[in-house]
A.B. asks: 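Structure incoming, see below.
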Amino acid sequence: KSSRFINRPLCFKKKMKLIIGLTGYSCAGKSTFYEYVSEVYSIPRITTGDLVRKEVKKRGLELTTANILEISDVIRRETRNNFMMIAENEIAELSERCNVFIIDSLREEKDYDTLRLFSRAIETVAVISASKVRYERVSERKRKGDPLSWDEFLVLEQKEKLLGVEQLVKSAGHVIKNEDNIEEFRRKSLRIMEELVDKYLLSV
């Protein structure tokens with residue numbers, strides 16, 4: 001693997017913040033993409049799913065798929081349909097101290113509105129996997145709040161589709177498939193990241 005930027009600071013060619021937005025359906029492999037990228041590049045990440053789960057607990061609710069979806073909708077109503085505002089404080093904090101960071105993940109076109117408050121340099125990476133493959137991963141992961149059945153999984157998938165995940169995947173600057181060959185997925189993840197570094201950044 002490339003070691004050009006391991007544990008080295010990054011600076012911009014044009015002195016602008018770079019926000020990398022990950023998109024794709026649940027359990028497609030967005031977190032795995034970040035794990036591979038972080039082996040080489042020291043880049044922080046904001047996970048909107050974690051922020052929602054924290055909000056569910058804060059409101060005294062059990063972590064279930066239904067409650068996560070319900071609170072996500074509540075957040076949209078409270079932010080006038082700008083869900084990414086849930087991460088506004090975290091984005092502002094990272095923007096102050098980092099030249100580049102990753103948002104995991106974008107679910108709808110409106111998410112860009114918040115990101116554009118902090119940078120015009122926004123790149124999207126879509127991670128895709130077949131529904132059955134993603135359901136198998138959800139079943140193996142057994143994270144609290146994940147769908148417990150195929151029917152619950154389909155409800156979540158349909159919700160994500162209605163929000164606009166499908167459109168975000170189609171319009172993403174980079175699309176990467178994550179199904180059978182994990183090593184190939186790792187190579188492609190690092191290749192995409194290297195392309196973005198070459199496009200926006202220089203090593204110090």
A.B. asks: Answer yes if the side chains of Ser189 and Arg186 hold a donor-acceptor pair under 3.5 Å, and no otherwise.
C.D. replies: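 Distance-only check fails for Ser189 and Arg186.
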A.B. asks: Which heavy atom in Ile91 sits nearest to a heavy atom in Thr114, and how many Å separate them?
C.D. replies: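 Reported closest heavy-atom pair: CD1-CG2, 4.2 Å.
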A.B. asks: Using a 4.5 Å cut-off on heavy atoms from C-beta on, say whether the side chain of Arg76 contacts that of Leu163.
C.D. replies: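 Yes, their side chains come closer than 4.5 Å.
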A.B. asks: Please report the shortest heavy-atom distance between Pro147 and Leu156, naming the atom on each side.
C.D. replies: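 Heavy-atom minimum between the residues: CG-CD2, 3.8 Å.
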A.B. asks: Could Arg191 and Glu194 be called an ion pair, given the rule that one side-chain N must be under 4.0 Å from one carboxylate O?
C.D. replies: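 The answer is no: the pair does not qualify as a salt bridge.
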A.B. asks: Only one of Arg141, Arg53, Arg134 forms a salt bridge (Lys or Arg N to Asp or Glu O under 4.0 Å) with Asp146, so which one is it?
C.D. replies: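 Exactly one pass, corresponding to Arg141.
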A.B. asks: Taking Tyr25 as the fixed residue, which of Glu166, Lys30, Glu160 is the one that meets the side chain to side chain donor-acceptor pair (under 3.5 Å) rule?
C.D. replies: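 Only one option passes, and that is Glu166.
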A.B. asks: Return yes if some donor-acceptor pair links the side-chain N/O of Arg137 with the main-chain N/O of Ala28 below 3.5 Å, else return no.
C.D. replies: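 At least one qualifying donor-acceptor pair exists.
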A.B. asks: Using atom types as modelled and distance alone, determine if a side-chain donor or acceptor of Ser38 lies under 3.5 Å from a backbone N or O of Glu35.
C.D. replies: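 Yes, because the side chain of Ser38 sits within donor-acceptor range (under 3.5 Å) of the backbone of Glu35.
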A.B. asks: Determine whether Asp111 and Thr48 make a side-chain contact, defined as any pair of heavy atoms from C-beta on separated by less than 4.5 Å.
C.D. replies: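 Of all side-chain heavy-atom pairs linking Thr48 with Asp111, none is under 4.5 Å.
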A.B. asks: I'd like to know if Lys57 and Glu62 make a salt bridge, using a cut-off of under 4.0 Å between side-chain N and carboxylate O.
C.D. replies: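 Answer for the salt bridge query: no.
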A.B. asks: Between Ser26 and Arg107, what is the shortest heavy-atom contact and its length?
C.D. replies: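 Taking Ser26 first and Arg107 second, the nearest heavy atoms are OG-NH2, 3.7 Å.
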A.B. asks: When you measure from the side chain of Glu152 to the backbone of Leu148, do you find a donor-acceptor pair of N or O atoms at a distance under 3.5 Å?
C.D. replies: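 Confirmed, Glu152 side chain pairs with Leu148 backbone.
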A.B. asks: Does any non-hydrogen side-chain atom of Val100 lie less than 4.5 Å from one of Ile20?
C.D. replies: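 When only atoms from C-beta onward are counted, Val100 and Ile20 do touch, with a gap below 4.5 Å.
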A.B. asks: Would you call Lys199 and Glu195 a salt bridge, using N to O less than 4.0 angstrom?
C.D. replies: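 Glu195 and Lys199: not salt-bridged.
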A.B. asks: Is there a side-chain contact between Ile122 and Tyr112, using heavy atoms and a 4.5 Å cut-off?
C.D. replies: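 Of all side-chain heavy-atom pairs linking Tyr112 with Ile122, at least one is under 4.5 Å.
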A.B. asks: Given side chains that start at C-beta, do those of Ile176 and Ile128 come closer than 4.5 Å, heavy atoms only?
C.D. replies: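 No, side chains not in contact.
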A.B. asks: Give me the one residue out of Ile71, Thr64, Leu51 that meets side-chain contact (heavy atoms from CB on, under 4.5 Å) with Val56.
C.D. replies: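 Among the candidates, only Ile71 passes.
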A.B. asks: Given side chains that start at C-beta, do those of Tyr135 and Glu157 come closer than 4.5 Å, heavy atoms only?
C.D. replies: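 The answer is no, as the side chains (C-beta and beyond) never meet within the 4.5 Å cut-off.
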A.B. asks: For Met85, does its backbone N or O pair with a side-chain atom of Thr79 as donor and acceptor, under 3.5 Å?
C.D. replies: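 Judged by distance alone, no pair lies under 3.5 Å.
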A.B. asks: Within a strict 4.5 Å, meaning less than it, do heavy atoms of the Tyr34 and Asp104 side chains meet?
C.D. replies: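 Tyr34 does not reach Asp104 side chain to side chain.
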A.B. asks: Using the rule given for salt bridge (charged side-chain N to carboxylate O under 4.0 Å, His left out), can you reason through Arg59 versus Glu55, listing the C-alpha separation, both sets of side-chain angles and the distance that settles it, and then say yes or no?
C.D. replies: CA-CA 6 Å; Arg59 297 185 188 221; Glu55 191 65 25; 2.9 Å; yes
A.B. asks: Answer yes or no: is there a side-chain heavy-atom contact under 4.5 Å between Ile102 and Leu22?
C.D. replies: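 With C-beta onward as the side chain, the pair touches.
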A.B. asks: Considering all heavy atoms of both residues, which atom of Glu88 and which atom of Phe118 are nearest to each other, and what is their separation?
C.D. replies: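 Minimum heavy-atom separation between Glu88 and Phe118: O-CZ, 4.0 Å.
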A.B. asks: So which atom in Ala87 and which in Ile46 form the shortest heavy-atom distance, rounded to 0.1 Å?
C.D. replies: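 Looking at all heavy atoms of both residues, the shortest contact is CB-CG2, 4.1 Å.
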